[in-house]
Chemist: 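Before we start, here is the structure in question, set down as structure tokens.
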Amino acid sequence: MRRSEFSELADHVFGPVLARTYTRDLVLEGVGGQTAEQALEHGVAVRQVWTALCDSMDVPESQRWEVPPEQRRR
């Protein structure tokens, strides 16, 4: 998973404004008590950060991994 995919999925799942807020401010236990931004800056795998964010926000597995084709960024 690339950081661009992380951003696209976050925007899709949470909406652009909340996605930025959650990645910047929400402390995630699944990545050692860091925010998503901090974890990514410290080299934590993007997929691990995405999973930790989804787990913290109780995002169902069925909604975590795909942006419908008509909603993808071009």
Chemist: Roughly how far apart are Cys54 SG and Trp65 CH2, rounded to 0.5 Å?
Modeler: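 Atom-to-atom, Cys54:SG and Trp65:CH2 are 6.5 Å apart.
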Chemist: Can you measure from CE (Met57) to CD (Gln63) and round to the nearest 0.5 angstrom?
Modeler: 12.5 Å
Chemist: Is there a side-chain contact between Arg3 and Leu40 (heavy atoms, below 4.5 Å)?
Modeler: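 A side-chain contact exists here, since the closest heavy-atom pair is under 4.5 Å.
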Chemist: Does Val17 reach the side chain of Tyr22, with side-chain heavy atoms less than 4.5 Å apart?
Modeler: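 No; the side chains remain at least 4.5 Å from each other.
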Chemist: Specify the closest pair of heavy atoms between Val46 and Arg2, including all atoms of both residues, with the distance to one decimal.
Modeler: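 Minimum heavy-atom contact is CG1-O, 3.7 Å.
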Chemist: So, His12 side chain and Glu8 main chain: donor-acceptor pair closer than 3.5 Å or not?
Modeler: no
Chemist: Compare every heavy atom of Val49 with every heavy atom of Ala36, then report the nearest pair and how far apart it is.
Modeler: CB-CG1, 3.6 Å
Chemist: When rounded to the nearest 0.5 angstrom, what is the spacing between CG in Leu26 and OG1 in Thr35?
Modeler: 8.5 Å
Chemist: Sequence neighbours left out, what pairs pass salt bridge (Lys or Arg N to Asp or Glu O under 4.0 Å) with at least one residue falling in residues 35-59?
Modeler: Asp55-Arg64
Chemist: With Ala52, which residues qualify under side-chain contact (heavy atoms from CB on, under 4.5 Å), at least two apart?
Modeler: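 Testing Ala52 for side-chain contact (heavy atoms from CB on, under 4.5 Å), a comparison that skips the adjacent residues, returns Leu28, Val31.
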Chemist: Within the structure provided, determine whether Gln38 and Val27 are in side-chain contact (heavy-atom separation under 4.5 Å).
Modeler: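 Gln38 does not reach Val27 side chain to side chain.
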Chemist: Test Val59 against Phe14 for side-chain contact (heavy atoms from CB on, under 4.5 Å), laying out the working first.
Modeler: CA-CA 9 Å; Val59 176; Phe14 304 114; 3.7 Å; yes
Chemist: Roughly how far apart are Leu53 CG and Phe6 CZ, rounded to 0.5 Å?
Modeler: 5.5 Å
